[in-house]
Amino acid sequence: MHTTSPAKGIFVNNRWSPAASGRTIPVIAPAEGKVFTAIAAGGPADVDLAVAAARVAVEEGAWSRLSATERGRLLTRLGQSIADHAEELAKTEARDTGKPMKQARNDMIAAARYFEYFGGAADKVHGETIPFLNGYFAVTERVPHGVTAHVIPWNYPAQMFARTVAPSVAMGNAAVVKPAEDACLTPLRMAELAAEVGFPEGAINVVPGLGEEAGAALSAHPGIDFISFTGSPEVGTLIQSAAARNHIGCTLELGGKSPHVVFADADLETAIPVIANTMVQNAGQTCSAGSRVIIEKRAFDKVVVALAERFAQLTAGTPEMDRELGPVINAVQKRRIESFFERAERDRIPVLGEGRIAAGVPAEAFFVAPRVYGPVPRGHELACKEVFGPVLSVLVFEDEADAVALANGTDYGLMAAVWSQDGSRALRVARRIKAGQVYVNAFGAGGGIELPFGGMKKSGHGREKGFAALHDMSALRTMIIKHD
Ligand code: NAD
């Protein structure tokens, strides 16, 4: 019997159960500042059960006997089911994260699209034949890792679940997901939908709980074969250490400080709304947010005026108000962002523009008005550190070489954009930026399911999205057959 309430426990073998410890974790609605539900506090015993269920699924259960085409059909059905339940899921996501309803709806379209895309791709991952010694026939095939562990963050729970689970199960792995304690209701519900559309027992399991309990137990579990992690660099280090101890692979997506490089000849009418919107999308809590704008000196004033005007039009509101942004996730995150504001004030960094918080939002909620700061000195934390809030930093560059040096001047390397109407220059600069995705005259934070995505430098390693994700979620086996 499935329950329709997403907060009923741990989802293993297509069934709900409470945490072995019986404990729960209260969940706060960021736009209300109040507890509205509770989730199970999964721990090591629950992780053991989930990993064992996934192991059976991938080695001897009904899941292991499906062909790639049959797996693909199940993924496609799940994508359709998510689309069919999009309104319900969007409402759940909006309450859990505080994001505006229009954004939550878009997130559900993207989540459905992940399963649609990887469903279609499941039976299209081919190996190669390799010319080898006379009398031999050599081929490669991609095989599942086995049990994949997924530790995901709270900023886009539904999309993150879909982004990491869809390529895993498309390749025939069985997944154990540890969603974030701050927001995990849609991953739980989507696992339930997977069971409803026919995913066999053990293929997709979700163990909610605290990071240091369920997350640590899962990432260190000897029964897993691969880890996919998205979140903070600090926890990324713990995850990679845990993977190293078990000698398994992992992908890490650890955020960024992604630059927009704006040349004086850029089409500002196109660029400014894109820059502002992708910064405040999800209240700036997006790993791929374009949080630095690097502007050619002679266009600095013009660009700054346009950005300030745009920021002045932005309002943070509740999901139902459906404004440009919602609150941030919790009190700690709000405090963290405000401490950046305090240090910026101490260091006399000018506020160039500021949005507002809508009248009538609850006083206990976690709202932060969006801000643009500049010119930010190059070594300042606002120029190098990920704020993970609606805060844009503006910097100045002298010439092309300087633009490249500045764009590459942080530890991160996730995304970048170059804005210029000189095509040769835009391409030349774009190709010198060390980032996993580089846009020219556009920028997309999130979405782009077909586009391989992931970090260089300290933004992490491994690729999600596109066919690259299917490669990361599988191992290459070489078969050598002697026939003479
Ligand atoms: P986090 O890294 O603490 O959490 C991400 C996931 O890891 C969650 O599921 C969490 O429960 C789990 N986790 C935490 N401790 C763990 C441990 N010891 N072992 C295994 N799993 C563990 O991130 P956060 O607290 O949600 O956010 C903190 C900062 O991380 C943010 O301010 C932001 O800078 C960054 N962040 C980045 C992204 C991104 O998309 N790259 C997403 C969320 C947060």
Side-chain angles (χ1 to χ4, degrees), residues 2 4 6 11 13-14 54 57-58 61-90 92-93 104-127 141-148 150 152 156-177 179 186-206 228 446-453 463-474:
H2 299 136
T4 49
F11 198 73
N13 268 336
N14 291 354
V58 83
W63 177 239
S64 69
R65 292 191 292 275
L66 295 184
S67 68
T69 308
E70 288 165 330
R71 287 198 308 270
R73 283 194 193 120
L74 279 177
L75 271 98
T76 307
R77 264 192 252 155
L78 178 53
Q80 186 57 52
S81 176
I82 292 168
D84 293 344
H85 292 84
E87 193 59 19
E88 171 212 319
L89 287 162
T92 302
E93 186 95 323
R105 290 189 182 106
N106 282 339
D107 285 4
M108 297 315 133
I109 293 168
R113 173 86 182 110
Y114 276 108
F115 284 100
E116 180 188 37
Y117 175 85
F118 287 111
D123 58 2
K124 295 168 191 70
V125 181
H126 302 165
E141 63 172 337
R142 301 222 63 110
V143 294
H145 292 299
V147 176
T148 54
H150 309 255
I152 61 174
Y156 292 86
Q159 278 208 59
M160 288 291 163
F161 175 88
R163 176 171 115 183
T164 180
V165 169
S168 166
V169 293
M171 290 309 296
N173 299 287
V176 180
V177 183
T186 51
L188 286 163
R189 178 70 175 127
M190 285 161 61
E192 189 177 47
L193 293 177
E196 284 173 17
V197 302
F199 271 82
E201 288 187 352
I204 299 178
N205 310 278
V206 184
S228 161
I449 280 97
E450 308 81 358
L451 310 174
F453 172 79
R463 291 292 174 266
E464 298 183 289
K465 306 185 178 182
F467 268 64
L470 297 168
H471 287 179
D472 275 21
M473 282 295 174
S474 58

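Applying the side-chain contact (heavy atoms from CB on, under 4.5 Å) criterion to Val58, with sequence neighbours excluded, gives Arg55, Val147, Ala174. The side-chain contact (heavy atoms from CB on, under 4.5 Å) test applied to Thr76 returns no partner, not counting sequence neighbours. Residues passing the ring pair (Phe, Tyr, Trp, His ring centres under 6.0 Å) test with His145 are Phe226, sequence neighbours excluded. Applying the side chain to side chain donor-acceptor pair (under 3.5 Å) test to Ser64 and every residue at least two apart in sequence or in another chain returns nothing. Remark: Phe199 engages Trp63 in a ring pair (Phe, Tyr, Trp, His ring centres under 6.0 Å) (not counting sequence neighbours). Ser168 meets the side chain to side chain donor-acceptor pair (under 3.5 Å) test with Thr148; sequence neighbours excluded. Residues meeting the side chain to side chain donor-acceptor pair (under 3.5 Å) test with Thr164, sequence neighbours left out: His150, Ser228. Under the side-chain contact (heavy atoms from CB on, under 4.5 Å) criterion, Ala121 pairs with Phe467, Leu470, sequence neighbours left out. Applying the salt bridge (Lys or Arg N to Asp or Glu O under 4.0 Å) test to Asp107 and every residue at least two apart in sequence or in another chain returns Lys99. Taking Ala469 as the reference, Phe118, Pro167 meet the side-chain contact (heavy atoms from CB on, under 4.5 Å) condition, with sequence neighbours excluded. Looking at residues two or more places apart in sequence or on another chain, you find a salt bridge (Lys or Arg N to Asp or Glu O under 4.0 Å) between Glu141 and Arg477.
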Candidate pair Arg189 and Thr92, rule side-chain contact (heavy atoms from CB on, under 4.5 Å), full reasoning: CA-CA 9 Å; Arg189 178 70 175 127; Thr92 302; over 6 Å; no
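Tyr156 is not listed as a side-chain neighbour of Arg163, based on a closest heavy-atom distance of 4.5 Å or more.
Summarising the geometry of Ile152 relative to Pro157, their closest heavy-atom pair is CD1-O, 4.1 Å, with the distance given to 0.1 Å. Heavy atoms only, all atoms of each residue included: Met171 and Ser474 are closest at CE-CB, 3.6 Å. Smallest separation of non-hydrogen atoms from Lys465 and Gly448: CD-O, 3.4 Å.
Each of Ile82, Val206, Thr186 was checked for a side-chain contact (heavy atoms from CB on, under 4.5 Å) with Phe161, and the lone residue meeting it is Val206.
For residues 62-81, no pair satisfies salt bridge (charged side-chain N to carboxylate O under 4.0 Å, His left out), with sequence neighbours left out.
Although no hydrogens or angles enter the test, the distance criterion places a donor-acceptor pair under 3.5 Å between the side chain of Arg142 and the main chain of His471. At least one donor-acceptor pair closer than 3.5 Å links the side chain of Asn205 to the backbone N or O of Ala175.
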